[in-house]
Amino acid sequence: MSELKSEFLQILTERGYIHQATDLAALDAKMAEGPITAYVGFDCTASSLHVGNLVSIMMLRRLQQAGHKPIVLLGGGTSRVGDPSGKDESRKLMTDEIIAGNMASIRSIFTQFLSFGDGTTDATMVNNGEWLDKLEYISFLRDVGPHFTINRMLTFDSVKLRLEREQPLTFLEFNYMILQAYDFMELGRRYGCSLQMGGSDQWGNIVNGIELARRIDGREMYGVTTPLITTADGKKMGKTADGAVWLNEASLPAYNYWQFWRNSHDADVGKFMRLFTDIPMDEVRRLEKLEGAEINDAKVILANAATAMCRGEAAAKAAEATARETFVKGGAGTDLPTIDVAAARLAGGINIVDLLVEAGLGASKGEVRRLVQQGGAKVNDVKVESIDQAVTAADLADGQIKLSAGKKRHALVKSA
RNA sequence: GGAGGGGUUGGGGAGCGGUCAAACCCAUCAGACUGUAAAUCUGACGCCUCAGGCUUCGCAGGUUCGAAUCCUGCCCCCUCCA
């Protein structure tokens with residue numbers, strides 16, 4: 001895989017998106033010739049996607065930028081079956097209502113990253129329930145069944161791992177890969193889609209689709225997978241103490257999203273810029289070389305770019321302003337988590353431990369007591385000396401009280 | 001189906017009648033050092049009305065002054081044999 005001709009694959013390679021690909025040379029030639037249509041599938045297993053899905057979303061964005069057509073496939077149909085990959089246990093079956101709700105919530109995310117419409121390079125959103133829900137069992141079996149041997153299916157990791165560990169794999173789950181393969185073929189028929197992209201765990205599913213389409217339709221299709229993105233200390237990216245880093249504002253406020261990127265490890269700054277922002281490569285190369293305190297500037301640029309893309313320019317600006325106000329000036333930015341407390345209650349004095357728990361800076365009173373005893377709690381940047389201390393209206397400064405747990409976690413209390 | 005082994009506090013994993021809220025490691029949180037980084041060092045790490053109390057060791061019973069530790073039943077898991 002020496003010199004690539006197509007802009008898209010050049011960019012993908014340069015920015016670190018490619019893990020595996022089927023017949024890259026042929027795909028490259030095809031993409032250099034003219035626009036193609038490609039898709040990534042997303043299951044509707046949660047009400048929001050998270051940064052783990054971001055690599056795939058960004059690939060679609062790159063695709064569109066390079067003049068090709070992206071399809072976002074929402075797994076309204078496949079979510080009713082459940083992908084068995086990796087997990088030891090079967091996924092719980094989700095109700096149709098939950099799936100529909102998740103799908104509606106996930107849809108909105110994509111408009112931030114792609115431009116939708118009817119133009120040749122406009123993105124399209126499709127729900128595989130459109131065809132999967134209508135399949136007739138016997139005819140489906142006759143059409144598709146002969147092209148899959150059980151022998152082969154048993155060799156795929158998603159199945160093999162489960163069997164090796166003697167974990168049950170239901171027939172329902174076993175069918176997932178067939179349905180995904182069918183999706184790819186169907187997208188080829190309906191939209192002339194010829195490329196499927198996805199995470200490295202999707203490799204088997206993608207290859208199945210390619211083979212199915214070739215056997216039944218004689219259509220040549222391709223697959224590209226992304227590497228599993230890990231952080232510099234070797235962990236799966238996107239896991240924080242509080243859980244996943246969600247893309248939806250409702251699941252994770254912009255300030256926290258911004259902070260996630262701002263707190264990247266030094267060594268990850270360049271990698272993340274390449275994958276998750278549109279910052280030009282020259283700029284990336286310059287910024288990732290910064291050392292010492294200067295790399296912090298690069299982290300801010302990363303956080304701004306990533307947040308702006310997902311949550312909009314205004315949200316990024318507000319988050320940055322709050323971070324600057326809070327961390328650089330030692331004040332309190334408006335984007336910090338805020339709780340309201342009745343004026344009367346505040347006038348009477350509220351125990352600091354109770355207040356910290358209410359503000360979400362600790363999970364239990366015991367935890368917060370420890371925090372105070374270890375000198376990690378602050379009111380208006382003054383260390384709390386005792387767990388018996390009370391916060392009163394006298395602590396209000398500019399109508400608010402700043403609570404801190406450690407150096408990074410802050411919240412505001414407002415009197416209402 | 002047969003024979004063994006096991007289910008312990010977020011994860012891993014000790015404990016095998018009292019000194020057990022339960023070793024140790026990881027993760028996590030805080031403090032120091034810094035750059036809102038990493039590494040390192042220190043401390044904490046079930047809940048509460050916190051020098052005291054309460055609820056935990058798969059589930060339900062039982063033995064005992066006293067059980068995570070013993071017994072009975074149930075559920076689940078693993079290994080080997082068929």
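Note on naming: letters A, B, ... go to the chains in the order of the sequence lines (proteins, then strands), and numbering restarts at 1 for each one. Heavy-atom basis, side chains included; hydrogens, waters and symmetry copies ignored.
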**Message:** Which nucleotide wins on minimum distance to the side chain of A/Lys299, given the candidates B/C29, B/C47, B/A37?
**Reply:** B/A37
**Request:** May I have the distance from A/Asp266 (atom CG) to B/G35 (atom C1'), rounded to whole angstrom?
**Result:** 8 Å
**Complete:** Against the side chain of A/Arg409, the closest entry in B/C33, B/U36, B/A30 is B/A30
**Prompt:** Within the structure shown, what part of the strands sits under 4.0 Å from A/Gly375 by heavy-atom distance: base, sugar-phosphate, or nothing?
**Reply:** sugar-phosphate
**Item:** Nearest-Å distance once atom C1' is located in both B/A39 and B/G4
**Value:** 47 Å
**Prompt:** Paired with B/C24: which nucleotide, if any, by Watson-Crick or G-U wobble criteria at under 3.5 Å for both distances?
**Reply:** B/G12
**Message:** Could you tell me if A/Trp261 and A/Asn304 have a donor-acceptor pair between their side chains, going purely by distance under 3.5 Å?
**Reply:** no
**Sugar-phosphate only, base, or nothing, as touched by A/Ile387 at under 4.0 Å among non-hydrogen atoms** = nothing
**Asked** Rounded to the Å, how far apart are A/Ile301 CD1 and B/G35 C1'?
**Response** 15 Å
**Message:** Please report the distance separating the C1' of B/A14 from the corresponding atom of B/C80, rounded so that it comes out in whole Å.
**Reply:** 26 Å
**Item:** Distance between C1' atoms of B/A21 and B/U56 (Å, rounded)
**Value:** 8 Å
**Asked** In whole angstrom, what separates A/Leu290's CG from B/A38's C1'?
**Response** 17 Å
**Message:** Would the base of B/U49 count as contacting A/Lys365 through its side chain, where contact means a donor and an acceptor less than 3.5 Å apart?
**Reply:** no
**Request:** Report yes if the side chains of A/Leu179 and A/Asn128 come closer than 4.5 Å at any heavy-atom pair, otherwise no.
**Result:** no
**Request:** Mind checking A/Arg370 for me? I need base, sugar-phosphate or nothing, with any heavy atom below 4.0 Å counting as a touch.
**Result:** sugar-phosphate
**Item:** Whole-Å P distance, B/U40 and B/C47
**Value:** 27 Å
**Request:** In whole angstrom, give the distance that lies between atom CD of A/Glu367 and atom P of B/G31.
**Result:** 13 Å
**Message:** Under 3.5 Å for both donor-acceptor distances, Watson-Crick or wobble: does B/G17 have a partner, and if so which one?
**Reply:** none
**Asked** For B/G46, does OP1 or OP2 lie under 4.0 Å from any side-chain N or O of A/Ser364?
**Response** no
**Asked** Is A/Trp258 touching bases, backbone alone, or none of the nucleic acid, heavy atoms closer than 4.0 Å?
**Response** base
**Message:** Can you tell me the base-pairing partner of B/C29? Count Watson-Crick or G-U wobble geometry only, both distances below 3.5 Å, and say none if there is no partner.
**Reply:** B/G43
**Request:** Ignoring the backbone of A/Lys407, work out which of B/C33, B/U36, B/C47 is nearest its side chain.
**Result:** B/C33
**Request:** Let me know the distance between CG of A/Asn296 and C1' of B/A37, rounded to the nearest Å.
**Result:** 7 Å
**Prompt:** Which is true for A/Gly406 with a 4.0 Å heavy-atom rule: it touches a base, it touches only sugar-phosphate, or it touches nothing?
**Reply:** sugar-phosphate
**Message:** Does A/Arg285, at its CZ atom, have more than 12 non-hydrogen atoms belonging to other residues, nucleotides or ligands within less than 6.0 Å?
**Reply:** yes
**Item:** Atom pair distance, as rounded to whole Å: CD in A/Gln374 and P in B/A32
**Value:** 11 Å
**Fill in**
Atom CG of A/Asp297 and atom C1' of B/G35 are separated, to the nearest Å, by 10 Å
**Asked** Between A/Ser6 (side chain) and A/Met31 (backbone), is there a donor-acceptor pair under 3.5 Å?
**Response** no
**Prompt:** Using purine N1 to pyrimidine N3 plus N6-O4 or O6-N4 for Watson-Crick, or N1-O2 and O6-N3 for G-U wobble, each under 3.5 Å, what pairs with B/U79?
**Reply:** B/A3
**Prompt:** Between B/C65 and B/A60, how far is it from one P atom to the other, in whole Å?
**Reply:** 24 Å
**Request:** In whole angstrom, give the distance that lies between atom CG of A/Leu302 and atom P of B/A37.
**Result:** 15 Å
**Request:** Would you classify A/Arg324 as touching base, sugar-phosphate or nothing, given that sugar-phosphate means primed atoms plus P, OP1 and OP2, and contacts are heavy atoms under 4.0 Å?
**Result:** nothing
**Message:** Using atom C1' in both nucleotides, what's the gap between B/U69 and B/G7 to the nearest angstrom?
**Reply:** 14 Å
**Nearest atoms (heavy-atom pairs only) where A/Leu247 meets A/Arg311** = O-NE, 2.8 Å
**Asked** Given side chains that start at C-beta, do those of A/Arg15 and A/Thr277 come closer than 4.5 Å, heavy atoms only?
**Response** yes
**Message:** Distance check, P atoms only: B/G13 and B/G58, in whole angstrom units.
**Reply:** 15 Å
**Request:** Side-chain contact test, heavy atoms from C-beta onward, threshold under 4.5 Å: evaluate it for A/Met237 versus A/Leu54 and give yes or no.
**Result:** no
**Asked** For B/A37, does either OP1 or OP2 sit under 4.0 Å from a side-chain N or O belonging to A/Lys408?
**Response** yes
**Message:** Under 3.5 Å for both donor-acceptor distances, Watson-Crick or wobble: does B/C59 have a partner, and if so which one?
**Reply:** B/G73
**Message:** Please classify the nucleic acid contact of A/Ala323 as base, sugar-phosphate, or nothing, using heavy-atom distances under 4.0 Å.
**Reply:** base
